[in-house]
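What you are looking at is a predicted structure, and each value in this text was computed from that prediction instead of being measured. Just so we're on the same page: letters track the sequence lines, and every chain starts at 1. Worth knowing before you read on, the calculation uses all heavy atoms, side chains too, and leaves out hydrogens, waters and symmetry mates.
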2 protein chains.
Amino acid sequence: MKTDTEQTLAQKLIRQVNGRVTPIRLGVLELLLNTQTALSHQELEQAAAQTGLVADRVSLYRALDWLVEQGIAHRISSHDRAWRYKAQAELTSPHAHFQCKHCSQVFCLEDLQPALLFKLPPGYQLDEIELKLQGTCPACASLNAI
Amino acid sequence: MKTDTEQTLAQKLIRQVNGRVTPIRLGVLELLLNTQTALSHQELEQAAAQTGLVADRVSLYRALDWLVEQGIAHRISSHDRAWRYKAQAELTSPHAHFQCKHCSQVFCLEDLQPALLFKLPPGYQLDEIELKLQGTCPACASLNAI
DNA sequence: CTAAAGCTGCAATTAAGTTGCATTTTATTT
DNA sequence: AAATAAAATGCAACTTAATTGCAGCTTTAG
Ligand SMILES: [Mn+2]
Ligand SMILES: [Mn+2]
Ligand SMILES: [Zn+2]
Ligand SMILES: [Zn+2]
């Protein structure tokens, strides 16, 4: 499930920001790198259990927070009030996310960068852009012909 | 604080969708119409108390849910895990929102409609677009010269 | 005026996320 | 190969937004 290359990548990313390499951080980061969709805390906890990673809930929260602080992972707010997390091999520019209203999964659409064509009203200082699309994902669409 | 015109507007909006006109719905809708920023549940509760509207927390939640279901109000997910609600006199098209990282207020930017220039990957069916910008609002910027 | 449908209040519950503190682990220095 | 300081972890308790079930009360149609 996890290749040598990927393991090395997680370590490299953590060392790049002068972070301590711990089993929890490695395990979490590998999952965020290898999973195609963004993971909620709960989904991460289940995935972690399957890979044999033992960690307290709180430690997972703290590992996720740390990865986001360091810019290694990013998080997307989802319509079920839970944050979802994803990491990429390369530093990613701001991009859109798609959340399926049926299965709640969140997909990174990295090719869909919000064009900064718009102009903000005067006085507003911009830090972050979050373009979130909602609808039906390909899997759900084909499943039940919604 | 609330004019005759506005009161009539709230009633009109509720009747347009064949909803029962109750003091709570009226009070909540008037607040959502008259407040410039989108209100969190907590902010609404405080505002309601000031206007003399008596209502249980749960009833406020239910009134908000109902207004959103009916398309009279819309809600925006905010970075503090609380939904924020706003209503407009006219039916509004999808637009961007700006949340200040300092005061957490959410502003509707109705003139900033996300151009639907982008193309979604094949298979994804689009229902809603949420473009949320984050940064510093004019008030916070001038206050502390951040 | 009456009745049914639909709201509301209250109490209990859910679920994501946070906090404080004692203990363990990591990475660095000797 | 220790010793050490700094940082990460586990555990228990806590916070807070939002939800649920149900009895009682309002609204509206007839
Ligand atoms: Mn992403
Ligand atoms: Mn808005
Ligand atoms: Zn789906
Ligand atoms: Zn502000």
B/Glu130 side chain to B/Ser77 side chain, donor-acceptor N/O pair below 3.5 angstrom: yes
Any side-chain N or O of B/Ser59 below 4.0 angstrom from OP1/OP2 of C/dG9? yes
Distance in angstrom units between A/Ile14 CD1 and C/dT26 C1', rounded: 13 Å
Let me know the distance between NE2 of A/His79 and P of C/dA15, rounded to the nearest Å. 16 Å
With no hydrogens and no angle check, just 3.5 Å: does a side-chain donor-acceptor pair link A/Thr136 and A/His102? yes
Counting side-chain heavy atoms from CB outward, which of D/dA18, C/dC10, D/dA8 is closest to B/Tyr61? D/dA18
Interatomic distance, A/Leu64 CG vs D/dA8 C1' [rounded to whole Å]: 14 Å
Could you tell me the separation between the CG atom of B/Asp65 and the P atom of D/dA18, rounded to a whole number of Å? 9 Å
Quick one: is C/dA5 close enough that its OP1 or OP2 comes under 4.0 Å of any side-chain N or O from B/Arg20? no
Donor-acceptor contact below 3.5 Å, side chain B/Gln125 vs main chain A/Ala141: no
How long is the line joining CG of A/Leu60 and C1' of C/dT18, in whole Å? 15 Å
Whole-Å gap separating P (C/dG6) and CD (B/Gln70): 12 Å
Assess the side chains of B/Glu43 and B/Thr37: does a donor N or O sit below 3.5 Å from an acceptor N or O? no
Both B/Thr22 and B/Arg75 contact DNA chain D. Which one's nearest nucleotide lies toward the 5' end? B/Arg75
Can you find a donor-acceptor N/O pair under 3.5 angstrom joining the side chain of A/Arg62 to the base of C/dG17? no
Side chain of B/Arg57, base of D/dA18: donor and acceptor closer than 3.5 Å? yes
Could you tell me how far apart A/Arg25 (CZ) and D/dA8 (C1') are, to the nearest whole angstrom? 7 Å
CH2 of A/Trp66 versus C1' of C/dG17: gap in Å, rounded? 20 Å
N/O (side chain, B/Ser40) to phosphate O (OP1/OP2, D/dA17) under 4.0 Å: no
Would you classify B/Ala63 as touching base, sugar-phosphate or nothing, given that sugar-phosphate means primed atoms plus P, OP1 and OP2, and contacts are heavy atoms under 4.0 Å? nothing
For B/Asp80 and A/Ile24, find the nucleotide of DNA chain D closest to each by heavy atoms; which residue's nucleotide sits nearer the 5' end? A/Ile24
Which nucleotide in the list C/dG17, D/dT27, C/dT18 gets nearest to the side chain of A/His41? C/dG17
Would you name the heavy atoms of A/Lys101 and A/His79 that are closest together and state the gap between them? CA-CE1, 3.8 Å
Between B/Arg81 and B/Asn18, which has a closest nucleotide on DNA chain C that is more 5'? B/Asn18
Within the structure, does a side-chain N or O atom of A/Trp83 lie under 4.0 Å from either OP1 or OP2 of C/dG17? yes
